[in-house]
2 protein chains.
Amino acid sequence: MSVSITDVARAAGVSASTVSRALRGQPGVSGEVAAQITAVAARLGYTASRSASSLASGRTFTIGVVVPYVGRWFFGTVLDAAEHVFSAAGYDVLLYNLGSPETRKRFFTKMPVRKRVDAVLSLLIPDEEESAALRSLGVPLATTVGGARPGFTVVGIDDRAGTESAVRHLVNLGHRRIGMISGSSGPQHWTTPIARRQAYLEVLADAGIEHDPALEADGDYTVEGGERAMTELLAAARPPTAVFAQSDEMAMGALRALRRHRLRVPDDVSVVGFDDHELADVVGLTTVAQPVAGQGAEAARLLLRQLDEPDAGQPGQVRMPIRLVLRETTAPPRPRGPQ
Amino acid sequence: MSVSITDVARAAGVSASTVSRALRGQPGVSGEVAAQITAVAARLGYTASRSASSLASGRTFTIGVVVPYVGRWFFGTVLDAAEHVFSAAGYDVLLYNLGSPETRKRFFTKMPVRKRVDAVLSLLIPDEEESAALRSLGVPLATTVGGARPGFTVVGIDDRAGTESAVRHLVNLGHRRIGMISGSSGPQHWTTPIARRQAYLEVLADAGIEHDPALEADGDYTVEGGERAMTELLAAARPPTAVFAQSDEMAMGALRALRRHRLRVPDDVSVVGFDDHELADVVGLTTVAQPVAGQGAEAARLLLRQLDEPDAGQPGQVRMPIRLVLRETTAPPRPRGPQ
DNA sequence: CTGTTAGCGCGTTCAA
DNA sequence: TTGAACGCGCTAACAG
């Protein structure tokens, strides 16, 4: 088998407990002995068994990260940043990718993270039952999506403000028929699409524009969905001259649909996205930028802090800044003849 | 504390070993007793401690996945698919995101996966020393990038064939000045860019086209790098009429550079990418499609098989199919006057 | 088919 | 400053 703590102890001529203390930098070991032990451990290629040490200490030095789709840019980027923070602090990351309802259900019923992690970062919005399941783990919890949730540290953005800046921009350009491609809120329990829709309606009302339900379509947060949604909107009796998409991926799908319909952007239709996807710049997409990696890193840091100071009181809530990035997909509506 | 196996045993009126056997579906427990135990365990919300069970059994039911950048589409997609296969089989995934040289070095010196995983899937190409470190873990190993490597199961594509189909396509359209934007092979030990370059040179030679070093530039596998590289190529004395980019992300960067130079695609310059990125279709990019998720899933399956049949002999090697996808970024070169 | 016994490899007392 | 003894929660080998 592989080298254990007693092997190191024997080779160094000390007891296992001394090795344990020395390697973890605990006080109570003379510098000389500690150095000697460190050297021997390195020579033997010794690593403490996480299973054994967590069984003995109760700590796992592992963080569970729950993600709906690792493959999607937004989540991949959040995860990337969070992982860096965790690993720099000596924590490992256990990844749970819960795209389908089945995997999600399996996760929340079997709870494979139980007794396996010191904290959980959730990039999906748990419903009430799922939240309760997570809280029952008895470890610090955080999320980077959605609104406040009891027991969770939340790092997010101001969805209303972001949406307002986008839709106002279109209004200010002179648009009156402004469509919206929303992300579905269905099985994922997003509050995000709801908040953004509300803000959209408010800006329209503020501008004295009557809301037309025919100008709303569901894009399912995907490129294909965005394309479908845009196609729907174009089929309306009076199609929009501008569209706000609740994510850049849907906006890109919309761009594709517009191209297929031989409509020019922004001459015929303006498009605004949300996120500032890494490829938004490539397609020249005007969008609401949010610090995606920043949110992952911040959530990770807050989680680590809770781990360090267990009695720090209630989990906090952080709002990161957003900002409208003007590119080439928005312009004033084309002047038309009367009516 | 939380509920342990002895709590369940007591509540069910049996011994701990019987509980252990029953819950793992082992033979040697009467159906009646097993059902009773399962019910009690569910009622108490019992989950076996992975630390304790792996300490006792030697198995961790965890797979280590090593990735250079989770945030990048290619790796995120591979990881997504692999994770689904692993979790469906009851394995957890430990994620190691080794983007920077420091994190990479830390990983390979401290080897935090030691004694923590039953197998490792590496999405980065380890150099010889790193390979040896991984082999020293004594667990099945697989990778989805690069060429054959002793001790590793390799799932990949035929880079030469893919590149050939792309460059031949440009040649057949009538292009003679064909540039290439390559991925750097520097610190990541890629063999991929080398294989693709070789194929590029061969197709040119086959077509009787003299190779011009001024038509090659390094795009670092990123959008920004691709943009820089394209800008370089455009500055050549005789710029290319077509460009093959070794990844879609670099191709998209090239498209951006071309747009900034007010050159039209494909009228002025043709562009071919590699990967079939999810957004390649949005920008109409002609590219070499490879089954990205497919490779992740296949590698995961092969790894699980090795876990089931430890004496299955040498690790295998799988080549997945590639295919050229024609879209809107390629066309014959614009006819020019003499010279 | 079931219970008893003995570790798995550590961290953590307590005494020395 | 160090070592011996014990237990973390579970699985495996052996009895019955």
Side-chain angles (χ1 to χ4, degrees), chain A residues 1-38 40-41 44-62 90 92 111-118 138, chain B residues 1-38 40-41 44-62 90 92 111-118 138:
Chain A
M1 269 298 280
S2 69
V3 25
S4 82
I5 199 170
T6 53
D7 296 327
V8 178
R10 190 163 15 208
V14 294
S15 78
S17 2
T18 305
V19 173
S20 174
R21 283 186 282 251
L23 260 28
R24 284 176 305 137
Q26 283 201 345
V29 182
S30 74
E32 211 173 336
V33 176
Q36 145 83 340
I37 290 175
T38 310
V40 172
L44 266 44
Y46 169 75
T47 312
S49 154
R50 276 296 227 291
S51 305
S53 69
S54 51
L55 185 56
S57 70
R59 298 199 56 179
T60 65
F61 280 100
T62 302
D92 284 336
M111 273 284 150
V113 282
R114 178 155 293 158
K115 305 176 189 172
R116 288 213 71 174
V117 299
D118 292 340
Chain B
M1 269 299 282
S2 69
V3 27
S4 82
I5 198 170
T6 52
D7 297 327
V8 179
R10 190 164 14 209
V14 294
S15 76
S17 2
T18 304
V19 173
S20 174
R21 282 188 284 252
L23 260 28
R24 284 178 302 140
Q26 281 200 350
V29 182
S30 75
E32 213 174 333
V33 176
Q36 144 83 342
I37 290 174
T38 310
V40 172
L44 266 46
Y46 169 74
T47 310
S49 153
R50 277 296 229 291
S51 305
S53 72
S54 51
L55 185 55
S57 70
R59 297 199 58 178
T60 64
F61 279 100
T62 302
D92 283 337
M111 273 284 149
V113 282
R114 178 154 295 158
K115 305 174 189 171
R116 286 213 74 174
V117 299
D118 292 341

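Chain identifiers are assigned alphabetically (A, B, ...) following the order of the sequence lines, protein sequences preceding nucleic acid strands; residue numbering begins at 1 within each chain.
Side-chain nitrogen and oxygen atoms of B:Thr18 include at least one within less than 4.0 Å of the OP1 or OP2 phosphate oxygen of C:dG3. The phosphate of C:dC10 (OP1 or OP2) has a side-chain N or O of B:Lys115 nearer than 4.0 angstrom. The side chain of A:Ser49 places no N or O atom within less than 4.0 Å of a non-bridging phosphate oxygen (OP1 or OP2) of C:dG9.
Residues B:Ala34 and B:Ala22 approach most closely at CA-CB, 4.2 Å, considering heavy atoms. Across every non-hydrogen atom of A:Thr38 and A:Leu23, the tightest pair is CA-CD1, 4.2 Å. Taking each heavy atom of A:Asp92 and B:Pro112 in turn, the nearest pair found is OD1-CB, 4.1 Å. Minimum interatomic distance between B:Tyr46 and A:Lys115 (heavy atoms only, all atoms of both residues): CE1-NZ, 3.9 Å. Closest non-hydrogen pair, A:Val8 versus A:Val3, comes out as CG2-CG2, 4.1 Å. Across all non-hydrogen atoms, the minimal contact from A:Ile5 to A:Val19 is CG1-CG1, 3.6 Å.
Straight-line distance from the CG atom of A:Leu23 to the P atom of C:dT12: 14 Å, rounded to whole Å. Between the CG atom of B:Leu55 and the C1' atom of C:dG7 there is a distance of 9 Å, given to the nearest Å. Note: CG (A:Asp7) to P (C:dC8) measures 12 Å, nearest angstrom. Rounded to an integer number of Å, the gap from CZ of B:Phe61 to P of C:dC8 is 20 Å. We find that CZ of A:Arg59 is positioned 18 Å from P of C:dC10, with the value rounded to whole Å. Following rounding to the nearest Å, B:Arg114 (CZ) and C:dG9 (P) show an atom-to-atom distance of 15 Å.
Taking OG of B:Ser57 as the reference point, atom CZ of B:Arg24 lies at 7.5 Å (rounded to 0.5 Å).
A donor-acceptor contact under 3.5 angstrom links the side chains of B:Arg116 and A:Thr62, judged on distance only.
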Q. What string of B, S and - do you get for nucleotides 11-16 of chain D, 5' to 3', when a contact is any protein heavy atom under 4.0 Å?
A. SBB---
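In this structure, B:Arg114 contributes its side chain and A:Gly45 its backbone to a donor-acceptor pair below 3.5 Å.
DNA chain D lies under 4.0 Å from at least one heavy atom of each of the following residues of residues 28-37 of chain A: A:Gly28, A:Val29, A:Ser30, A:Val33.
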